[in-house]
Protein chains: 2
Amino acid sequence: MISQASFRTHPSPLESGLHLDGKRMTPQRKKVLSLFEEIGSGIHLSAEEVHSKLTSTGDKVSLATIYRTLRLLVKMTFLNELDLSEGGNRFELLSHDHPDHHHLICIRCGRTEEFENNEVINAGEVAAKNFGFKLLESSLNVRALCPICINK
Amino acid sequence: MISQASFRTHPSPLESGLHLDGKRMTPQRKKVLSLFEEIGSGIHLSAEEVHSKLTSTGDKVSLATIYRTLRLLVKMTFLNELDLSEGGNRFELLSHDHPDHHHLICIRCGRTEEFENNEVINAGEVAAKNFGFKLLESSLNVRALCPICINK
DNA sequence: AGCGTATTGAGAACTGCTTGCAACTTGTAA
DNA sequence: TTACAAGTTGCAAGCAGTTCTCAATACGCT
């Protein structure tokens, strides 16, 4: 039998983060985070999409667990939650080297593009400071029509 | 009997806007818009809040009509729709002298403050142009903790 | 290995919002 | 004025996304 403990593997950031808090590493949690790591940062999935991507590869995870896990991963700052309205929130891998990024959304077909702009980030920081708020996250959502949808 | 037509009142912008499009002026529509005009621009209400404010003063309007009317008023650019997530969208009077404004929201107690920043607006315009999108609206939402909620 | 407790799965429940339809209004044209 | 077509309302049912309940299961500490 191969023992997990026979050679000490580095605990992943997810695992150690969980343990710090009395929480546990589970296959479900690992799978959800891996999925986001595989597709890379900058791509957003809805809870439903995460669920169907995982179950389509034979894994069995319940939708309720997906929701719970997504919430957890957001709180642990592994994921970023976007609310582009129109049918559910979306989640993406939070890459800590990029700062917040912003979204350009076609309200008709849902196509979204990302961009970054330091002045926007800065504006959020200044506003928070002026009102004595502690900034958590800022998101600029630009609602627009993409080239294809303009003529519909 | 006092006749409505005995002296010609100026049709309101709402009324003429409606008529341009074959739509009709109804007491419900008037009440919803008046409510927003009374409380002034910069204050956001959820559909539920609009409903309870109207019904609490004795008026009878169904929630479904509130939703339909809010959507209509947004399309007619009398109102602005904000999606600050966390339990429903909110609406506010759109004052056309202000351009888009941005929101600083306490995610714990819901307190929201507004601010304006032309660079943010500009960033949205530039991004839309770069991707060939037609800009409709941009909104910067800064999620934060207000001074009171920071220590909770 | 054993045990306390966190976590999962399944489905019911909830929330915010939309829709279908019959009854009712509005605006217009006679 | 009146009459009538078309827009609008209210109600209740429906829907999508998300959360909750609780019994069964699995982590991980000792």
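Labels below follow one simple rule: chain letters A, B, ... track the order of the sequence lines, proteins then strands, and each chain is numbered from 1.
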Five-pair end axes of the helix from C:dA1-D:dT30 to C:dA30-D:dT1 and the angle they enclose, rounded to 10°: 30°

For A:Glu49, which residues count as a salt bridge (Lys or Arg N to Asp or Glu O under 4.0 Å) partner, sequence neighbours excluded? A:Arg90

Does B:Ser16 reach the main-chain N or O of B:Ser12 with its side chain, forming a donor-acceptor pair under 3.5 Å? yes

Can you pull the salt bridge (charged side-chain N to carboxylate O under 4.0 Å, His left out) pairs that have at least one residue in residues 51-79 of chain B, sequence neighbours excluded? B:Lys31-B:Asp59

Counting only side-chain N and O atoms of B:Thr26, is one of them less than 4.0 Å from OP1 or OP2 of D:dT8? no

Nearest-Å distance for atom pair CG/C1', residues B:Leu72 and D:dT8: 11 Å

Could you tell me how far apart B:Leu18 (CG) and C:dT28 (C1') are, to the nearest whole angstrom? 16 Å

For B:Ser62, give me all partners under side chain to side chain contact (heavy atoms under 4.5 Å, CB included), at least two apart in sequence or on another chain. B:Ala64, B:Thr65

Write down the protein N/O and nucleotide N/O pairs, taken from nucleotides 4-6 of chain C, whose separation is under 3.5 Å; answer none if there are no such pairs.
| unit_1 | atom_1 | unit_2 | atom_2 | d |
| --- | --- | --- | --- | --- |
| C:dG4 | N2 | A:Arg24 | NH2 | 2.8 |
| C:dT5 | O2 | A:Arg24 | NH1 | 2.6 |
| C:dT5 | O2 | A:Arg24 | NH2 | 2.9 |
| C:dA6 | O4' | A:Arg24 | NE | 3.3 |
| C:dA6 | O4' | A:Arg24 | NH1 | 3.4 |

Listed pairs under 3.5 Å, donor-acceptor, residues 17-29 of chain A side chains, sequence neighbours left out:
| unit_1 | atom_1 | unit_2 | atom_2 | d |
| --- | --- | --- | --- | --- |
| A:Thr26 | OG1 | A:Arg29 | N | 3.2 |
| A:Arg29 | NH1 | A:Arg24 | O | 2.7 |

Sequence neighbours left out, what passes side-chain hydrogen bond (donor to acceptor under 3.5 Å, both in side chains) with A:Glu119? Give chain and number order. none

Tell me the interatomic distance from B:Leu14, atom CG, to C:dT26, atom P, rounded to whole angstroms. 14 Å

Considering just the side-chain nitrogens and oxygens of A:Gln28, establish if one lies under 4.0 Å of OP1 or OP2 belonging to C:dG9. yes

Partners of A:Ala123 by side chain to side chain contact (heavy atoms under 4.5 Å, CB included), sequence neighbours excluded? B:Asn117, B:Val120

With B:Leu45 as reference, evaluate B:Leu70, B:Ile66, B:Leu35 under the side chain to side chain contact (heavy atoms under 4.5 Å, CB included) test and give the passing residue. B:Leu35

Hey, what are the protein-to-nucleotides 19-24 of chain D N/O distances that come in under 3.5 Å?
| unit_1 | atom_1 | unit_2 | atom_2 | d |
| --- | --- | --- | --- | --- |
| D:dT21 | O4 | A:Arg68 | NH1 | 3.4 |

Could you tell me how far apart A:Glu15 (CD) and D:dG28 (C1') are, to the nearest whole angstrom? 10 Å

B:Tyr67: what forms a side chain to side chain contact (heavy atoms under 4.5 Å, CB included) with it, not counting sequence neighbours? B:Ala47, B:Leu63

Using side-chain heavy atoms (C-beta onward) and a distance below 4.5 Å, is B:Phe36 in contact with B:Leu79? yes

List in chain and number order the residues that pass side chain to side chain contact (heavy atoms under 4.5 Å, CB included) with B:Asn122, two or more places apart in sequence or in another chain; answer none if no residue qualifies. B:Glu125, B:Val126

Quickly work out the A:Asn89 CG to D:dA16 P distance and round it to whole Å. 17 Å

Send over the distance from B:Leu45 CG to C:dC17 P, rounded to a whole Å. 13 Å

Would you kindly give the NZ-to-C1' distance between B:Lys31 and D:dG10, to the nearest whole Å? 13 Å

Measure NE2/B:His51 against C1'/D:dT9 and give the value in whole Å, please. 12 Å

